[in-house]
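In what follows, chains carry the letters A, B, and so on, assigned in the order in which the sequence lines appear, proteins first and then strands, with residues in each chain numbered from 1. Predicted, not measured: the structure shown is a model, and the values here were computed from it.
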Amino acid sequence: MSTKPVSFTVVQKIPKSLGRAGVIHTPHGDIETPAFVVVGTKASVKSLMPEDLRQYVGNQVTLANTYHLFLQPGHEVVKAGGGLNAFAHWETPTMTDSGGFQVFSLGAAFGKGVTKFAKGDVETELPARAELNVYSEKHAADHGKLCQIDEDGVTFTSHIDGSLHRFTAERSIEIQHAIGADIIIAFDECTSPTADRAYQEEAMHRTHRWAKRSVLAHKQNYEALKKQGLFGVVQGGRHLDLRAESARILASMDFDGFGIGGSFSKEDLGDSLRVVNEVLPDDKPRHLLGIGEPEDIVEGILQGCDTFDCVQPTRIGRTGTIYVHTGAMKTTPCGTFTYPETKKISVRNEQYKTDHSPLDPLSDGYVAQKYTKAYLAHLFRAGEILGPHLASIHNLYFITNFTKNLRKQILEKSA
RNA sequence: GCGUCGGUGGUAGAGUGGUCAAUUACAACAGACUGUAAAUCUGUCGCCUCCGGGCUACGAAGGUUCAAAUCCUUCCCGGCGCA
């Protein structure tokens, strides 16, 4: 076993595929991969107690966010509270995202309704270029966003109180050291799918420079080095050659694992991942950042990704949309996986007001079995907080278990 | 009985001669959401529509006016006050 705090063991490879089942070892325990990573941005999985996660979800790992915890309550508070695990009473292994996604969500995407997925293949607009040394609230407001990018880092205008803050590679690592998650992520720039190739390339190279600095910053903190693993983030947008180049450059740096970030299009997600994972080393875990619809996870695993975090189960759950099984089974082209077809339904819809069947009769989840659509429909209509709570638990169990079943198939196929 | 205030779309409640099919909120009906600015946001919400518009509407019936939810008359209904 490795002396590094975070290491990876491949347990079983999928024949003729980049995919594998494995185990990520961390100071807070092992993560059996492929695995879904529950998102708890502000050290809180929205509406759930950690006990709910343990008892009804069975997740193995939870992800928080550096930018959000830095603003509130402050990373020093988390540190004084014993670090993320103790502070939030999370007992699973933990990760923190670097704040790189906020460069996108509070920057290019701010107020525009664009998502990480391209709608079509047209580059609809150019992102605002970095404008050096122009940091002001007014400037940010004028540009319709809360952050400005330059070579050295990013200046954020807090979405909470408008105050200005500066993130650099070193600063993000420093904050993540204080927060204390098992796996931390190098500060990157998550680009918009609307950015043109030239900008994707420029941003990618900037992310690489930040990655190099992040490795250095991490190595300089001896205490953190013993307890936390550092992941670098592959970028390159929808351009396969850039993706491959990004993977090549990052693979040459001393990371404990890799995140795959940035924007994709739904159609060539698999191609983008394949190109990247062909290059990344086999003996390190690969995390697909922020993607996790059931079909995406199947594709991601086939193309060699080990872990997936996604906000979707809790976000859609909170407003009454739940995952359910249709009853049909699907098989991947080369027969690797046979998995249940899924769909999303909105339990607020009129038809469910009097539908007293279980949320998802085909699921073995506790909430799916014990609670009915009519009850959830009532809770959401009545504005009861139990509605978002139950729907979130249900969705998290659904996707966590969906992923676990795929792992099981990898192991069974080879047995 | 007299006086007075009021009766507006599913609800509450704006509007008090034209720009009113009628502000707004809620409810209702749908939709969106993929490293969480998110217990959020968007659309529809009188009827019909070839999406240009047409029709019926603000307690009821009459009336004034080029034009009425808005002014006048009577009636019906409700709150309050006085008998």
Side-chain angles (χ1 to χ4, degrees), chain A residues 36-48 62-69 71-72 95-107 109-119 140 144-147 156-162 172 181 183-191 193 231 233-235 258-266 269 287-297 299-300 305 307-321 323 344-346 348-353 379-392 395 399:
Chain A
F36 181 80
V37 179
V38 166
V39 181
T41 303
K42 304 179 194 176
S44 159
V45 178
K46 294 187 192 298
S47 91
L48 301 215
T62 316
L63 168 82
N65 182 277
T66 303
Y67 168 81
H68 286 276
L69 290 178
L71 290 182
Q72 198 173 49
M95 305 173 67
T96 41
D97 181 33
S98 61
F101 181 71
Q102 280 62 43
V103 178
F104 165 67
S105 67
L106 300 179
F110 187 74
K112 297 211 174 74
V114 290
T115 73
K116 292 193 309 175
F117 280 107
K119 301 205 172 76
K145 51 186 188 176
L146 296 180
C147 86
F156 291 99
T157 305
S158 163
H159 67 280
I160 298 170
D161 63 7
S172 176
I183 295 170
I184 65 177
I185 297 179
F187 190 52
D188 68 316
E189 176 181 351
C190 177
T191 53
F231 283 25
V233 182
V234 174
Q235 288 291 341
F258 302 90
I260 303 170
S263 49
F264 300 91
S265 71
K266 198 78 182 168
L269 174 65
H287 177 79
L288 181 53
L289 284 155
I291 288 172
E293 287 283 0
E295 296 279 339
D296 300 330
I297 290 178
E299 184 66 26
C305 296
T307 50
F308 307 81
D309 75 273
C310 194
V311 128
Q312 198 74 310
T314 44
R315 180 180 280 173
I316 65 175
R318 242 173 298 135
T319 56
T321 300
Y323 287 115
K344 290 179 273 196
I345 64 168
S346 175
R348 293 165 319 178
N349 286 4
E350 194 168 24
Q351 66 183 114
Y352 299 116
K353 278 164 82 173
L379 292 176
F380 276 101
R381 284 163 189 277
E384 285 293 333
I385 199 162
L386 186 57
H389 182 226
L390 290 175
S392 294
N395 284 343
I399 199 71

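Residue A:Leu63 is classed as a sugar-phosphate contact, given heavy-atom separations below 4.0 Å to backbone atoms only. Residue contacts shown for A:His68 are limited to sugar-phosphate atoms, with no base heavy atom under 4.0 Å away. Using a 4.0 Å heavy-atom distance criterion, A:Glu189 is classed as making no nucleic acid contact. Residue-level contact check: A:Gly262 touches the bases, meaning some heavy atom is under 4.0 Å from a base atom. Looking at heavy-atom distances under 4.0 Å, A:Lys42 makes contact with sugar-phosphate atoms alone, never a base.
A:Ser263 pairs by the side-chain contact (heavy atoms from CB on, under 4.5 Å) definition with A:Thr191, A:Pro193, A:Gln200, not counting sequence neighbours. A search for salt bridge (Lys or Arg N to Asp or Glu O under 4.0 Å) contacts involving A:Lys353 returns nothing, not counting sequence neighbours. Scored by the side-chain contact (heavy atoms from CB on, under 4.5 Å) test, A:Ser158 finds A:Leu71, A:Ile160, A:Asp161, A:Ser163, A:His165 as partners (sequence neighbours excluded). The side-chain hydrogen bond (donor to acceptor under 3.5 Å, both in side chains) check on A:Glu293 picks up A:Gln312, A:Tyr323, A:Lys344, with sequence neighbours excluded.
Of the side-chain N and O atoms in A:Gln102, one or more sit less than 4.0 angstrom from OP1 or OP2 of B:rA37.
Out of B:rU36, B:rU34, B:rA37, the shortest distance to the side chain of A:Glu293 is found at B:rU34. Across B:rA37, B:rG35, B:rU36, the shortest atom-to-atom separation from the side chain of A:Val233 is found for B:rG35. When each of B:rG35, B:rA39, B:rU34 is scored by its nearest atom to the side-chain atoms of A:Lys46, the top-ranked nucleotide is B:rA39.
A distance of 8.0 Å separates CG of A:Leu269 from SG of A:Cys305, quoted to the nearest 0.5 Å. The distance from atom CG of A:Leu379 to atom CD1 of A:Ile385, rounded to the nearest 0.5 Å, is 11.5 Å.
Taking atom CG on A:Asn65 and atom P on B:rA38, their separation rounds to 11 Å, with Å as the unit. Rounded to whole angstrom, the span from the CD atom of A:Gln312 across to the C1' atom of B:rU36 amounts to 11 Å.
With C1' as the reference atom, B:rG59 and B:rC76 are 8 Å apart, rounded to whole Å. For the C1' atom pair drawn from B:rU64 and B:rU49, the interatomic distance equals 35 Å after rounding to whole Å. A gap of 10 Å separates the P atoms of B:rG46 and B:rU23, to the nearest Å. Taking atom C1' in both B:rC66 and B:rC71, the straight-line distance is 16 Å, to the nearest Å. Rounded to the nearest Å, the gap between the C1' atom of B:rG35 and that of B:rC26 is 36 Å. For B:rA30 and B:rG79, the P atoms lie 39 Å apart once the distance is rounded to whole Å. Taking atom C1' on both nucleotides, B:rU8 is separated from B:rU24 by 14 Å, rounded to a whole Å.
For B:rU36, its base sits under 3.5 Å from the side chain of A:Thr314 at one donor and acceptor pair at least. A donor-acceptor contact under 3.5 angstrom links the side-chain atoms of A:Asp188 to the base of B:rG35.
For the pair A:Lys116 and A:Ile291, the minimum side-chain heavy-atom distance is below 4.5 Å.
Scanning RNA chain B for stems, defined as runs of 3 or more consecutive Watson-Crick or G-U wobble pairs whose donor-acceptor distances all fall under 3.5 Å, gives the following ranges: B:1-7 with B:76-82, B:10-12 with B:24-26, B:28-32 with B:40-44, B:46-48 with B:53-55, B:59-63 with B:71-75.
Without hydrogens or angle criteria, A:Asn65 side chain to A:Tyr67 main chain gives a donor-acceptor distance under 3.5 Å. For the pair A:Thr66 (side chain) and A:Ser172 (backbone), a donor-acceptor distance under 3.5 Å is absent. In this structure, the side chain of A:Asn395 does not engage the main chain of A:Arg315 through any donor-acceptor pair within 3.5 Å.
Annotated as syn: B:rG52, whose glycosidic dihedral is within 90° of 0.
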N/O to N/O distances under 3.5 Å, protein versus nucleotides 25-32 of chain B:
from	atom 1	to	atom 2	distance (Å)
B:rC29	OP1	A:Arg381	NH1	3.4
B:rC29	OP1	A:Arg381	NH2	3.4
B:rC29	OP2	A:Arg381	NH1	2.6
B:rC29	OP2	A:Arg381	NH2	3.2
B:rA30	OP2	A:Glu350	N	3.3
B:rG31	OP2	A:Asn349	OD1	3.4
B:rG31	OP2	A:Asn349	ND2	3.3
B:rA32	N6	A:Thr319	OG1	3.4

